[in-house]
There are 2 protein chains.
Amino acid sequence: MTSTDPQGSTQTQQRRPTRQRRAVAAALAGFDDFRSAQEIHDLISRQGDSVGLATVYRTLSSLAEAGEVDMLRNEDGEAIWRSCSDTHHHHLVCRTCGATVEVEGPAVERWTNAIAAEHGYADLSHTLEIFGTCPTCR
Amino acid sequence: MTSTDPQGSTQTQQRRPTRQRRAVAAALAGFDDFRSAQEIHDLISRQGDSVGLATVYRTLSSLAEAGEVDMLRNEDGEAIWRSCSDTHHHHLVCRTCGATVEVEGPAVERWTNAIAAEHGYADLSHTLEIFGTCPTCR
DNA sequence: CCGGGTTTGACAATGGTTCTCAACATCGCT
DNA sequence: AGCGATGTTGAGAACCATTGTCAAACCCGG
């Protein structure tokens, strides 16, 4: 926050291709649903790599900031992650097994924008997640 | 979870009107936006009452379960609470000052139900919160 | 006023997440 | 290839919201 930021402002900050970051990326590629940082950390270990938990957190956060992964919170407030397509979308998540369906809702986007505008709110962000029990888990 | 549950099942369990519960209710009546449990706890102290933090949590949780308060999570995953009307609704929350607008979106309800049904998900719940900057804070 | 189930509070314990900081890896340059 | 500057990492401590523990205090019906 107090950096001098020589020239390019909020631009692609340097991201060195380290072994650890590659490991996290590889782990992310290995599943489709949302996983907690700790689960991802375990996955990496199981894949033979060794990456510190703190590093997993750091990497996930910066990936999320870069828009390369989705981060949302489960009903307990824990952060869960997964790599994502680049369009804005929401999720239908199975409460039991974590199976995820990616959903798009242009209608919802429009609705939230309208509501916010109506009340003069700017600089919006919103969360919309649906939790339920998938057909398999019932 | 392993309780025997003698007779009435998910019914109105006894809720004794203790000094502490009254204090929490009073505190809740004193603000319109969402506050964390700790802030509410502070508020109570400032009002002269003394209630243990654990009790505040317990009371808020049970009130939430009874549908008398809304609990949602801010962007940091912390639980925030406020008393609410009894209909299902969502919120437009100012990121800076916490000012809250209660919004209803029958369209959204219908949409989530449709989506979930389409994928065979049952036992639904969903979260939809909009964060932004209110007119005053800009 | 009594007895029994509820509720409380102080404090410990959890558990996810972030911070600290010395050791280390990369990059750009020569 | 060698070097210095700077970004990264890891182990563990630190944080901090939230929940568990359990004896003491409380409320209620009789």
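Every chain is numbered from 1, with letters handed out A, B, ... down the list of sequences. All values reported here derive from a predicted model rather than from experimental measurement.
Nucleotide D:dA17 holds its P atom 19 Å from the CZ atom of B:Phe34, rounded to whole Å. For the pair B:Leu60 CG and D:dT19 P, the computed distance is 10 Å after rounding to whole Å. Atom pair A:Arg21:CZ and C:dA25:P shows a separation of 15 Å (rounding to whole Å applied). Note: CZ (B:Arg22) to P (D:dC26) measures 13 Å, nearest angstrom. At whole-Å resolution of the value, CD in B:Glu65 and P in D:dT19 are 11 Å apart. Between the CE atom of B:Met71 and the C1' atom of D:dT19 there is a distance of 13 Å, rounded to whole Å. Rounded to a whole Å, the NE2 atom of B:His41 is 12 Å from the C1' atom of C:dT8.
With A:Arg21 contributing its side chain and A:Thr55 its backbone, the two residues share no donor-acceptor pair below 3.5 Å. The backbone N or O of A:Val56 sits nowhere less than 3.5 Å from a side-chain atom of A:His41 that would complete a donor-acceptor pair.
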* To do: Quick one, give me the B/S/- string for nucleotides 12-19 of chain C, reading 5' to 3', where B means a protein heavy atom under 4.0 Å from the base and S means that only happens at the primed atoms, P, OP1 or OP2.
  => ----SBBB

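Every pair passing salt bridge (charged side-chain N to carboxylate O under 4.0 Å, His left out) that includes a residue from residues 35-61 of chain A is listed here, sequence neighbours excluded: A:Asp33-A:Arg35.
We find that A:Arg138 and B:Asp123 are not joined by a salt bridge, their nearest charged nitrogen and carboxylate oxygen being 4.0 Å or further apart.
Listed pair B:Gln20 / C:dT7 fails the phosphate criterion, with no side-chain N or O lying under 4.0 Å from OP1 or OP2. Residue B:Arg19 places none of its side-chain N or O atoms closer than 4.0 Å to OP1 or OP2 of C:dT7. Checking the phosphate oxygens (OP1, OP2) of D:dT9, no side-chain nitrogen or oxygen of A:Arg16 falls inside 4.0 Å. Close to D:dG7, at under 4.0 Å from its OP1 or OP2, lies no side-chain N or O of A:Thr18.
Counting only heavy atoms from C-beta outward, the side chains of A:Ser50 and A:Ser45 never approach each other to under 4.5 Å.
Applying side chain to side chain contact (heavy atoms under 4.5 Å, CB included) to B:Ile130 and the options A:Thr112, A:Leu128, A:Asn113, A:Thr127 leaves one that passes, A:Thr112. When B:His90, B:Arg82, B:His89 are each tested for a side chain to side chain donor-acceptor pair (under 3.5 Å) with B:Asp70, only one passes: B:His89.
By the criterion of side-chain heavy atoms lying less than 4.5 angstrom apart, applied directly or through intervening Ile, Leu, Val, Met, Phe, Trp or Tyr residues, B:Trp111 is grouped together with A:Ile115 in one hydrophobic cluster.
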* To do: Tell me, with the steps shown, if A:Glu75 and B:Arg73 meet salt bridge (Lys or Arg N to Asp or Glu O under 4.0 Å).
  => CA-CA 9 Å; A:Glu75 290 174 325; B:Arg73 298 196 176 267; over 6 Å; no

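When the local axes at the two ends of the helix from C:dC1-D:dG30 to C:dT30-D:dA1 are compared, using 5 base pairs at each end, they differ in direction by 30° after rounding to 10°.
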